[in-house]
Peer 1: 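Just dropping this structure here.
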Amino acid sequence: MPFSFLEKRKKERIMVLYASITALISVSIGKIAGQLHQNLQPFAELEGVHKLIEKEVNNSFPSDHTILVFSFCIMFSLFLSKWKKSWVMLASLVGFSRIWVGVHYPGDVIVGAIIATSIAVVMLKLHNRVSKQQIDEKQEMNL
């Protein structure tokens, strides 16, 4: 196998690993945020909101779906800059769909997106720091 193929596969595995870690951390932070601020879904609180999907009445803050999708899409966009706009658009559409179907307020989605995006950026900075440290160590060994 060509060297570049192996490097690409390694980068993809790292990207998925970092996205998964981002999702776990972000969902955990979302659960804490949900304990600090609670509100029911729009269909449960407002007249005239018709839910388009079946959903139990519970705390809608922040949107777990938005957190998960943004965790993966933002991390993928940071690793695959050629597709950055597509990943961000996909995440945004999922967030918007949560509002459209009547199960979240815009604030639920915005906070979910902020949490996931923030953690993804921190994870990328950690990745870059570790990568730079590994490169420096290899260069020191070659001297």
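Note that the structure is a prediction, hence the values are computed from the model and not measured.
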Peer 1: Do Leu93 and Met75 belong together in a cluster built from hydrophobic side chains that touch within less than 4.5 Å?
Peer 2: no

Peer 1: Considering only heavy atoms from C-beta outward, does the side chain of Asn59 approach that of Leu40 to under 4.5 Å?
Peer 2: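 The answer is no; the side chains never approach within 4.5 Å.
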
Peer 1: Please report the closest heavy-atom contact between Gly30 and Ile67, naming both atoms and the distance.
Peer 2: CA-CD1, 3.9 Å

Peer 1: Does Phe72 belong to the same Ile/Leu/Val/Met/Phe/Trp/Tyr cluster as Leu124, with side-chain heavy atoms less than 4.5 Å apart forming each link?
Peer 2: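 Phe72 and Leu124: one cluster.
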
Peer 1: So, taking the atom named CD1 in Ile119 and the one named CD1 in Ile25, what distance separates them when rounded to the nearest 0.5 Å?
Peer 2: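 Going from CD1 on Ile119 over to CD1 on Ile25, the span is 6.0 Å.
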
Peer 1: Heavy atoms, side chains only, cut-off 4.5 Å: are Val109 and Phe96 in contact?
Peer 2: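 In short, these two side chains do not touch, never coming nearer than 4.5 Å.
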
Peer 1: Checking Tyr105 now: which residues fulfil ring-ring contact (aromatic ring centres under 6.0 Å, His included) with it, not counting sequence neighbours?
Peer 2: none

Peer 1: Just so I know, are the side chains of Pro62 and Ile115 near enough to count as touching, which here means a heavy-atom distance under 4.5 Å?
Peer 2: yes

Peer 1: For the NZ atom of Lys82 and the OG atom of Ser77, what is their distance to the nearest 0.5 Å?
Peer 2: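 With rounding to 0.5 Å, NZ (Lys82) is 15.5 Å from OG (Ser77).
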
Peer 1: side-chain contact (heavy atoms from CB on, under 4.5 Å), that's the test. Do Ser92 and Phe70 meet it? Break it down for me.
Peer 2: CA-CA 8 Å; Ser92 299; Phe70 266 82; 4.2 Å; yes

Peer 1: Nearest heavy-atom pair of His65 and Arg98: which atoms, and what distance?
Peer 2: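 Minimum heavy-atom contact is ND1-NH2, 3.2 Å.
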
Peer 1: Would you give the length of the straight line joining atom CD1 of Ile32 to atom OG of Ser28, rounded to the nearest 0.5 angstrom?
Peer 2: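 The OG atom of Ser28 is 7.0 Å from CD1 of Ile32, to the nearest 0.5 Å.
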
Peer 1: How many angstroms lie between CG in Leu78 and SG in Cys73, if you round to the nearest 0.5 Å?
Peer 2: 11.0 Å

Peer 1: Are Met15 and Trp83 linked, directly or through intermediate hydrophobic residues, by side-chain heavy-atom contacts shorter than 4.5 Å (ILVMFWY only)?
Peer 2: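 Linked, Trp83 and Met15 end up in one cluster.
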
Peer 1: Which side-chain N or O atoms in residues 16-23 pair as donor and acceptor under 3.5 Å with protein atoms at least two apart or in another chain?
Peer 2:
| residue | atom | partner | partner atom | Å |
| --- | --- | --- | --- | --- |
| Ser20 | OG | Val16 | O | 2.9 |
| Thr22 | OG1 | Tyr18 | O | 2.8 |

Peer 1: Distance from Asn128 atom CG to Met123 atom CE, nearest 0.5 Å?
Peer 2: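 Asn128 atom CG to Met123 atom CE measures 11.5 Å (nearest 0.5 Å).
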
Peer 1: Can you name the closest pair of heavy atoms from Val69 and Ala91 and give their distance?
Peer 2: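 Answer, listing the atom of Val69 first, then Ala91: CG1-CA, 3.7 Å.
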
Peer 1: For a quick test of reading the model, state the closest non-hydrogen atom pair linking Ala113 to Thr66 and the distance between them.
Peer 2: N-CG2, 3.7 Å

Peer 1: Between His104 and Ser60 (side chain of the first, backbone of the second, donor and acceptor by atom type, cut-off under 3.5 Å), is there such a pair?
Peer 2: yes

Peer 1: Check the hydrophobic clustering (I, L, V, M, F, W, Y; side-chain heavy atoms under 4.5 Å; chains of links allowed) and say if Leu24 and Ile114 are grouped together.
Peer 2: no

Peer 1: Are Ile99 and Val101 grouped together when hydrophobic residues (ILVMFWY) are joined by side-chain heavy atoms under 4.5 angstrom apart?
Peer 2: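 Ile99 does not cluster with Val101.
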
Peer 1: Within the distance-only criterion (no hydrogens, no angle test), does the side chain of Gln41 pair as donor or acceptor with the backbone N or O of Gly102 below 3.5 angstrom?
Peer 2: no

Peer 1: Output yes when a side-chain donor or acceptor of Asp108 lies under 3.5 Å from a complementary backbone atom of Ser63, and no otherwise.
Peer 2: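 Between the backbone of Ser63 and the side chain of Asp108 there is no qualifying donor-acceptor contact (under 3.5 Å).
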
Peer 1: Can you name the salt bridge (charged side-chain N to carboxylate O under 4.0 Å, His left out) partners of Lys31, sequence neighbours left out?
Peer 2: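 Lys31: salt bridge (charged side-chain N to carboxylate O under 4.0 Å, His left out) contacts with Asp64.
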
Peer 1: Over 60° means perpendicular and under 30° means parallel, so tell me whether His127 and Phe79 are parallel, tilted or perpendicular.
Peer 2: tilted

Peer 1: Can you measure from CG (Asn39) to CG (Asn58) and round to the nearest 0.5 angstrom?
Peer 2: 10.5 Å

